[in-house]
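Hydrogens, waters and symmetry mates are skipped; everything else that's a heavy atom, side chains included, is used.
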Amino acid sequence: MGKRIEGVDILRMLAMLLVMYQHANGPYSLYILAFHMPVFFIITGFTFTLSDSWKYIKVKDFIIKRAKVILIANYSFILLNIILNALISTFTTQQFSISFKTLLLLGGNDQGLLPMTFWFLPILFFADVFFLLALKNMVNVTYFTITSLLFSYILTKCAPFSTFLVSSNLSKIFMGTFFIGVGYLLSKPIRQLISGAYKPITNIVVAFVSAIILVVFCNLNYSPFYMFMNSYGNYVYASIAALAGSTLLISLVRFVPKITFVNNLLSWGGRNTLSLFPIHVTYLAVIVFIEAKFNFQIPLLWLFNLTILSVLTFVTAKIIEDHFPFMIGKKILK
């Protein structure tokens, strides 16, 4: 959308690491679950403010551009998942089933031997498009942001809307659009927290208060924030906890050590989160399948899983970036 800011790439990578941490069932994952996906949408909203290019781009061109970097990665790894499931079914007695409705609507296959959904990628794509349309056609973005949350609630909680086939996915799209709107509307303080424009004590205080709010409202809510399942419990509590957790992470970015290797790694990861997400979900499905089959149990299993998952994901992402970039919507390198 505009020029890259290293702090934003680092923020993306930190959020990606939290996603893998939560998927590995690390301690206190309940609190990570509350915001590790919303923060990605907030970052997307912030990036809309980095330039005014969205004012001039045609909607058709925007859709093509976003589909290229989001949906190609999504369906590349869906195809890989189908192949892996078919191979397992061929060489074992286990049967492989596939739900085309789930494939098309959720961006994955939740009935395979390696069940997986890349729901985040298609939801991000449509939320991006919804928000661009709002920017181009609505004067009051605040109104659109608030009503997006309301639409998500209606589509999830209120009959007959909640019974429609597309309601669950539309609800997730509107929830994503809400957080994109928040990132757009709060772009100035986000930029200052990331860049270090505030005094360090300001970031520390904001982080401390955000952490308290996150813990309080996660414990007040009667359900964890399962965006992929469209389950939020109390929408108000869930939204407050998600915003608090996102603010906490944003506040801490400036304190990442200024070590060249660390910053380069985090920045690289931040530029490749759209491929890291499906790659790690693929490996996660394989790891869970193998551990369940062989009843694999060791102390600190979550740490073992996180380590294996991280190494495999980063190495694979680098290999794909260098040698198979077409899988993630990038041109083949000469």
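- Heavy-atom neighbours of F130 CZ from other residues, nucleotides or ligands within 6.0 Å: above the threshold of 12.
- Annotation: the span from L155 atom CG to L170 atom CG amounts to 6.0 Å, rounded to 0.5 Å.
- The same ILVMFWY cluster, assembled from side-chain heavy atoms under 4.5 Å apart, contains both F289 and F294.
- At a cut-off of 3.5 Å, with distance as the only test, no side-chain donor of Y184 or T44 sits close to an acceptor on the other residue.
- Between the side chain of N137 and the backbone N or O of L133, at least one donor-acceptor pair lies under 3.5 Å.
- In terms of modelled atom types and a separation under 3.5 Å, the side chain of N272 and the main chain of S275 share no donor-acceptor contact.
- The shortest heavy-atom contact between A73 and L274 is CB-O, 3.9 Å.
- Between F41 and F120, the ring planes are perpendicular. Angles over 60° get that label, and only those under 30° would be called parallel.
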Inset, instruction - Determine, stepwise, if the pair D322 / K318 fulfils salt bridge (Lys or Arg N to Asp or Glu O under 4.0 Å). - result: CA-CA 6 Å; D322 291 344; K318 182 59 177 173; 3.6 Å; yes

In a table with atom names and distances, give each donor-acceptor pair under 3.5 Å that connects a side chain of residues 252-262 to protein atoms at least two apart or in another chain.
from : atom 1 : to   : atom 2 : distance (Å)
R254 : NH1    : Y198 : O      : 2.6
R254 : NH1    : N203 : OD1    : 3.1

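- Side-chain atoms of S251 come within 3.5 Å of backbone atoms of T247 as a donor-acceptor pair (strictly under, hydrogens ignored).
- Taking CG from L124 and CZ from F179, the interatomic distance works out to 13.5 Å, rounded to the nearest 0.5 Å.
- Taking each heavy atom of K136 and W54 in turn, the nearest pair found is NZ-O, 2.9 Å.
- Expressed to the nearest 0.5 Å, how far CG of N305 lies from OG of S310 amounts to 10.0 Å.
- For the pair K293 (side chain) and V288 (backbone), a donor-acceptor distance under 3.5 Å is absent.
- With S246 contributing its side chain and A242 its backbone, the two residues share a donor-acceptor pair below 3.5 Å.
- No more than 12 heavy-atom neighbours from other residues, nucleotides or ligands sit within 6.0 angstrom of OH on Y226.
- No chain of hydrophobic side-chain contacts below 4.5 Å, direct or via other Ile, Leu, Val, Met, Phe, Trp or Tyr residues, connects I123 to I72.
- At least one donor-acceptor pair under 3.5 Å links the side chain of Y222 to the backbone N or O of G233.
- Scanning all heavy atoms of the two residues, the minimum distance from T49 to S187 falls at OG1-CB, 3.4 Å.
- The main-chain N or O of L121 is never found under 3.5 Å from a side-chain atom of N74 such that the two would form a donor-acceptor pair.
- Rounding to the nearest 0.5 Å gives a distance of 11.0 Å between CD1 of I42 and CG of L185.
- Between F131 and F48, the ring planes lie perpendicular to each other; the angle is over 60°, past the 30° to 60° tilted range.
- Between the side chain of D52 and the backbone N or O of K55, no donor-acceptor pair lies under 3.5 Å.
- Of all the heavy atoms in F277 and M37, the pair that sits closest is CE1-CE, 4.1 Å.
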Output side-chain donor-acceptor pairs under 3.5 Å for residues 28-36, partner residues at least two apart or in another chain, one line each.
from : atom 1 : to   : atom 2 : distance (Å)
S29  : OG     : G26  : N      : 3.2
S29  : OG     : G26  : O      : 2.4
Y31  : OH     : N219 : ND2    : 3.3
H36  : NE2    : Q22  : OE1    : 3.4

Inset, instruction - For T156 and Y232, run side-chain hydrogen bond (donor to acceptor under 3.5 Å, both in side chains): C-alpha distance rounded to whole Å, both residues' side-chain angles, the deciding distance at 0.1 Å, then the answer. - result: CA-CA 10 Å; T156 300; Y232 312 106; 6.0 Å; no

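- One finds the CD1 atom of I308 at 9.5 Å from the CD atom of E291 (value rounded to the nearest 0.5 Å).
- Placement of M138 and F151 within a single hydrophobic cluster is found when ILVMFWY residues are connected by side-chain heavy-atom separations under 4.5 Å, directly or transitively.
- Expressed to the nearest 0.5 Å, how far OG1 of T316 lies from CD1 of I319 amounts to 5.5 Å.
- A search for ring-ring contact (aromatic ring centres under 6.0 Å, His included) contacts involving F144 returns nothing, not counting sequence neighbours.
- Here the closest heavy-atom approach between residue A244 and residue I213 is recorded as CB-CG2, 3.6 Å.
- I279 approaches A317 most closely through the heavy-atom pair CD1-CA, 3.6 Å.
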